[in-house]
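Since this is a predicted model, take the numbers as computed values, not measurements. Keep in mind that the numbers below use all heavy atoms, side chains included, and drop hydrogens, waters and symmetry copies.
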Amino acid sequence: HLQLVESGGGSVQAGGSLRLSCVASRYECASYYMGWSRQAPGKKREFVADIDSMDGTTQYADSVKGRFTISKDNEKNILSLQMNDLKPEDTAVYYCAACRHNGGFGYWGQGTQVTVSS
């Protein structure tokens with residue numbers, strides 16, 4: 001019943017930027033914890049970033065630290081991921097995610113494709 005609707009994916013050249021957005025329906029656990037994961041072709045889904053929606057505390061995967069910024073508009077339930085200095089290895093399907101489950105996320109959106117060319 002939790003709906004996560006993403007937008008903002010696309011194709012860019014290395015060094016470019018994209019901003020992903022995710023609109024979440026009202027759901028209790030999503031009001032506390034949300035984030036982003038991604039899955040590259042032939043790879044396992046991996047953690048990208050998360051945010052404690054109450055105090056704004058954030059975490060990032062080492063691979064994106066310093067380049068990506070996660071934020072949330074708590075009133076509008078909109079999660080964002082600003083991606084700068086994109087690299088070809090960032091190419092993946094990016095998933096908006098919410099709620100804690102087994103050390104990771106419990107829910108994901110439909111995914112949006114990000115392609116970074118050299």
Side-chain angles (χ1 to χ4, degrees):
H1 31 265
L2 173 61
Q3 296 183 54
L4 302 169
V5 182
E6 303 164 328
S7 62
S11 181
V12 298
Q13 294 185 338
S17 298
L18 283 174
R19 185 177 178 86
L20 306 182
S21 295
C22 171
V23 180
S25 62
R26 292 190 181 281
Y27 200 78
E28 193 65 28
C29 57
S31 71
Y32 292 97
Y33 182 72
M34 294 187 71
W36 296 89
S37 62
R38 68 185 183 185
Q39 187 167 23
K43 304 287 187 178
K44 296 179 180 179
R45 188 175 297 186
E46 65 177 356
F47 170 82
V48 174
D50 64 17
I51 183 168
D52 182 305
S53 301
M54 294 294 98
D55 63 15
T57 300
T58 60
Q59 293 181 297
Y60 297 91
D62 288 341
S63 59
V64 307
K65 204 168 295 182
R67 298 187 296 119
F68 290 12
T69 302
I70 187 171
S71 61
K72 186 184 179 186
D73 183 326
N74 290 317
E75 182 176 330
K76 298 180 180 179
N77 295 122
I78 299 177
L79 182 74
S80 298
L81 184 69
Q82 178 65 45
M83 305 185 293
N84 297 327
D85 191 25
L86 284 161
K87 303 176 180 180
E89 52 262 43
D90 293 318
T91 295
V93 176
Y94 283 71
Y95 298 89
C96 177
C99 306
R100 297 181 186 274
H101 181 70
N102 291 340
F105 297 109
Y107 299 91
W108 297 268
Q110 78 282 0
T112 184
Q113 178 71 47
V114 171
T115 302
V116 185
S117 60
S118 300

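Hydrophobic side-chain contacts under 4.5 Å tie Val5 to no other Ile, Leu, Val, Met, Phe, Trp or Tyr residue.
Within 6.0 Å of the CD atom in Gln113, the count of heavy atoms belonging to other residues, nucleotides or ligands exceeds 12.
A pairwise comparison of heavy atoms in Ala30 and Ala98 identifies CB-CB, 3.8 Å as the closest pair. The two atoms that bring Gly109 and Tyr95 nearest to each other are O-CD2, 3.5 Å, heavy atoms only. Of all heavy-atom pairs between Ser17 and Asn84, the closest is OG-OD1, 2.9 Å. When every heavy atom of Phe105 is checked against every heavy atom of Ala49, the shortest pair comes out as CZ-O, 3.9 Å. Here the closest non-hydrogen pair linking Val93 and Gly111 is CG1-CA, 3.7 Å.
In this view, Gln3 satisfies the side chain to side chain donor-acceptor pair (under 3.5 Å) rule with no residue, not counting sequence neighbours.
Residues Leu4 and Ile70 share a single hydrophobic cluster, defined by chaining ILVMFWY side chains whose heavy atoms lie under 4.5 Å apart. In the hydrophobic cluster analysis, where Ile, Leu, Val, Met, Phe, Trp and Tyr join through side-chain heavy atoms closer than 4.5 angstrom, Phe47 is grouped apart from Leu79. At a threshold of 4.5 Å between side-chain heavy atoms, the hydrophobic network of Ile, Leu, Val, Met, Phe, Trp and Tyr places Met34 and Tyr94 in one connected group.
Remark: Gln39 CD to Lys44 NZ distance equals 11.0 Å, nearest 0.5 Å. Interatomic distance, CD of Gln110 versus SG of Cys22, reported as 8.0 Å (0.5 Å rounding). Taking CD of Gln13 as the reference point, atom CG of Leu86 lies at 11.5 Å (rounded to 0.5 Å).
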Show me the donor-acceptor pairs within less than 3.5 Å that the side chains of residues 50-57 make with the rest of the protein, sequence neighbours left out.
residue : atom : partner : partner atom : Å
Asp50   : OD1  : Gln59   : N            : 3.4
Asp50   : OD2  : Tyr33   : OH           : 2.5
Asp52   : OD1  : Met54   : N            : 2.9
Asp52   : OD1  : Asp55   : N            : 3.2
Ser53   : OG   : Lys72   : NZ           : 3.1
Asp55   : OD1  : Thr57   : N            : 2.9
Asp55   : OD1  : Thr57   : OG1          : 2.9
Asp55   : OD2  : Thr57   : OG1          : 3.3

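Between Asp90 and Lys87 there is no salt bridge, since no side-chain nitrogen of the basic residue lies less than 4.0 Å from a carboxylate oxygen of the acidic one.
In this structure, Ser71 and Gln82 have side chains that are not in contact, with every pair of non-hydrogen atoms separated by 4.5 Å or more. A 4.5 Å side-chain heavy-atom check between Ser25 and Leu2 finds at least one atom pair inside the cut-off. Residues Trp36 and Cys96 form a side-chain contact, since some pair of their non-hydrogen atoms from C-beta on lies under 4.5 Å apart. You'll find the side chain of Val64 reaches within 4.5 Å of the side chain of Arg38, heavy atoms only. Contact annotation: the side chain of Leu20 approaches that of Met83 to within less than 4.5 Å [non-hydrogen atoms, C-beta and beyond].
In this structure, Tyr27 has its ring center closer than 6.0 angstrom to the ring center of Tyr107.
Thr91 contributes a side-chain N or O that, together with a main-chain N or O of Val116, makes up a donor-acceptor pair within less than 3.5 Å.
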